[in-house]
Amino acid sequence: MDHHFVGIPGLTDVPRVAVVIDVMRAFTVAAWAFSRGVERIVLASTESEALALKESRSGWLALKDGAPAAGFDAVNSPGLLRSCDFAGRTLVQKTTAGTVGALAVANAPLVLCASFVVAGPTARFLRNKDSGPVTFVVTGDGGKADEDLACAEYIGQCMAGDDVEAAPYLHRARTSRAAADLAGGLRSGYHPDDVDLCLEIDRFSFAMVARQEESLTVLRPVAVPDIPPPARGSG
């Protein structure tokens with residue numbers, strides 16, 4: 001299947017199917033947020049918009065990249081988020097790359113956001129939809145981030161069949177510049193477990209679909225069941 005891999009600057013047309021990849025850390029964090037009870041994630045274009053959305057809706061929370069800041073309830077770190085209780089809450093997320101990429105393709109008919117922790121379910125969701133070729137938006141480093149490209153290529157291979165070895169793709173991500181920057185403490189709002197948490201393949205059993213809801217771009221989890229093995233004697 002002839003998938004297309006493009007960075008945010010290379011987006012010129014609205015794709016039919018877009019999968020926006022941010023491994024370290026936006027869409028690993030989003031998946032963890034859903035696992036901690038978040039009902040939906042609203043993607044904001046700026047930090048000021050994120051705060052304005054939070055302030056205009058009772059009970060909403062806001063999350064950003066970098067160090068903790070006034071008005072924000074969480075930072076973009078799976079290690080720091082995993083102990084939170086967000087049951088039933090709406091979370092507004094603004095990050096440097098992931099949310100930017102998702103908003104850039106928000107008008108596409110089908111948009112998913114992904115990382116390694118939801119890679120398998122994302123591939124199965126697309127296969128079940130018979131989606132055809134996918135535009136993978138590689139959000140990091142102008143489309144050159146190897147951790148994002150590795151994840152995108154892994155999902156693309158999984159769409160063609162289940163028997164795909166994840167280890168080579170995870171190795172590329174672990175040895176990427178982003179992983180080195182995180183491990184070296186060069187990014188603020190960081191937990192020592194972040195790199196490992198970003199590389200837990202298929203930690204969660206849902207895909208994350210972004211849709212337009214009342215002029216907002218909203219990300220929600222969609223459960224994707226495992227494909228059962230064929231019955232004995234079938235074939």
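Just so it is clear, the values below take in all heavy atoms, side chains as well, and ignore hydrogens, waters and symmetry mates.
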Indicate if [X] and [Y] have the same hydrophobic cluster label, given that clusters are the connected sets of ILVMFWY residues with side-chain heavy-atom separations under 4.5 angstrom.
X      : Y      : result
Met159 : Leu149 : yes
Leu43  : Val29  : yes
Ile155 : Val164 : yes
Ile201 : Leu197 : no
Val118 : Val209 : no

Rounded to the nearest 0.5 Å, how far apart are [atom1] of [X] and [atom2] of [Y]?
X      : Y      : atom1 : atom2 : result
Leu110 : Ser131 : CG    : OG    : 7.0 Å
Leu80  : His191 : CG    : NE2   : 6.0 Å
Trp32  : Glu200 : CH2   : CD    : 6.0 Å
Asp85  : Arg36  : CG    : CZ    : 6.5 Å
Asp148 : Ile21  : CG    : CD1   : 7.0 Å
Thr28  : Met24  : OG1   : CE    : 7.5 Å

Do [X] and [Y] have side chains that approach each other closer than 4.5 Å (heavy atoms only, starting at C-beta)?
X      : Y      : answer
Val137 : Val19  : no
Asp193 : Arg82  : yes
Phe34  : Glu39  : no
Val117 : Phe27  : no
Leu81  : Phe86  : yes
Val20  : Thr139 : yes
Phe116 : Arg203 : no
Leu126 : Leu112 : yes

Lys/Arg N to Asp/Glu carboxylate O, Arg187 vs Asp65, below 4.0 Å: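 Salt bridge: no.
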
May I ask you to decide whether Asp194 forms a salt bridge with Arg25, counting only side-chain N to carboxylate O separations under 4.0 Å?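 Counted as a salt bridge, because a side-chain N and a carboxylate O are separated by less than 4.0 Å.
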
Quick check: closest heavy atoms across [X] and [Y], and the distance to 0.1 Å?
X      : Y      : value
Arg89  : Gly59  : NE-O, 2.8 Å
Pro15  : Pro109 : O-CD, 3.4 Å
Val38  : Ile41  : CG1-CG1, 3.8 Å
Ala150 : Tyr169 : O-CD2, 3.3 Å
Leu91  : Ala33  : CD2-CB, 3.9 Å
Phe204 : Ser35  : CE2-CB, 3.4 Å

Pair Asn76, Thr95: side-chain N/O donor-acceptor within cut-off below 3.5 Å: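 Checked: Asn76/Thr95 side chains show no N/O donor-acceptor pair below 3.5 Å.
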
Under 3.5 Å, is there a donor-acceptor pair linking the side chains of Thr217 and Gln212?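 A donor-acceptor contact under 3.5 Å links the two side chains.
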
Yes or no on ring pair (Phe, Tyr, Trp, His ring centres under 6.0 Å) for Phe136 and His3, after CA distance, side-chain angles and deciding distance? CA-CA 7 Å; Phe136 287 96; His3 301 304; 5.5 Å; yes

Going through the distances and angles, do Val100 and Ile8 end up as a side chain to side chain contact (heavy atoms under 4.5 Å, CB included)? CA-CA 8 Å; Val100 175; Ile8 298 171; 4.0 Å; yes

Before you tell me yes or no, could you show the steps for Phe206 and Phe125 under side chain to side chain contact (heavy atoms under 4.5 Å, CB included), namely the whole-Å CA-CA distance, both residues' side-chain angles and the distance that decides it to 0.1 Å? CA-CA 9 Å; Phe206 52 80; Phe125 179 94; over 6 Å; no

Are more than 12 heavy atoms, taken from residues, nucleotides or ligands other than Arg177, located less than 6.0 Å from that residue's CZ atom? no

So for atom CZ, which belongs to Arg211, do other residues, nucleotides or ligands contribute more than 12 heavy atoms lying within a distance under 6.0 Å?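 Result for CZ/Arg211: open.
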
If you apply the rule side chain to side chain contact (heavy atoms under 4.5 Å, CB included), what do you find for Glu147 with Thr175, and how did you get there? CA-CA 8 Å; Glu147 74 281 2; Thr175 56; over 6 Å; no

What verdict does the side chain to side chain contact (heavy atoms under 4.5 Å, CB included) test give for Val17 and Lys129, after you've listed the backbone C-alpha separation in whole Å, the side-chain angles of each residue and the deciding distance to 0.1 Å? CA-CA 11 Å; Val17 180; Lys129 287 280 188 182; over 6 Å; no

Starting from the C-alpha separation in whole Å, work towards a yes-or-no answer on salt bridge (Lys or Arg N to Asp or Glu O under 4.0 Å) for Glu213 and Arg220. CA-CA 11 Å; Glu213 299 182 15; Arg220 293 183 184 270; 2.9 Å; yes

Does the Gln157 side chain pair with the main chain of Glu153, one donor and one acceptor, at a distance under 3.5 Å? no

When clusters are formed from ILVMFWY side-chain contacts under 4.5 Å, directly or step by step, what else is grouped with Val92?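 Taking Ile, Leu, Val, Met, Phe, Trp and Tyr as members, Val92 shares its hydrophobic cluster with Val42, Leu53, Trp60, Leu216, Val218.
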
Identified side chain to side chain contact (heavy atoms under 4.5 Å, CB included) counterpart of Val195 within the set Leu182, Asp181, Val23: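 Answer to the side chain to side chain contact (heavy atoms under 4.5 Å, CB included) test with Val195 among Leu182, Asp181, Val23: Leu182.
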
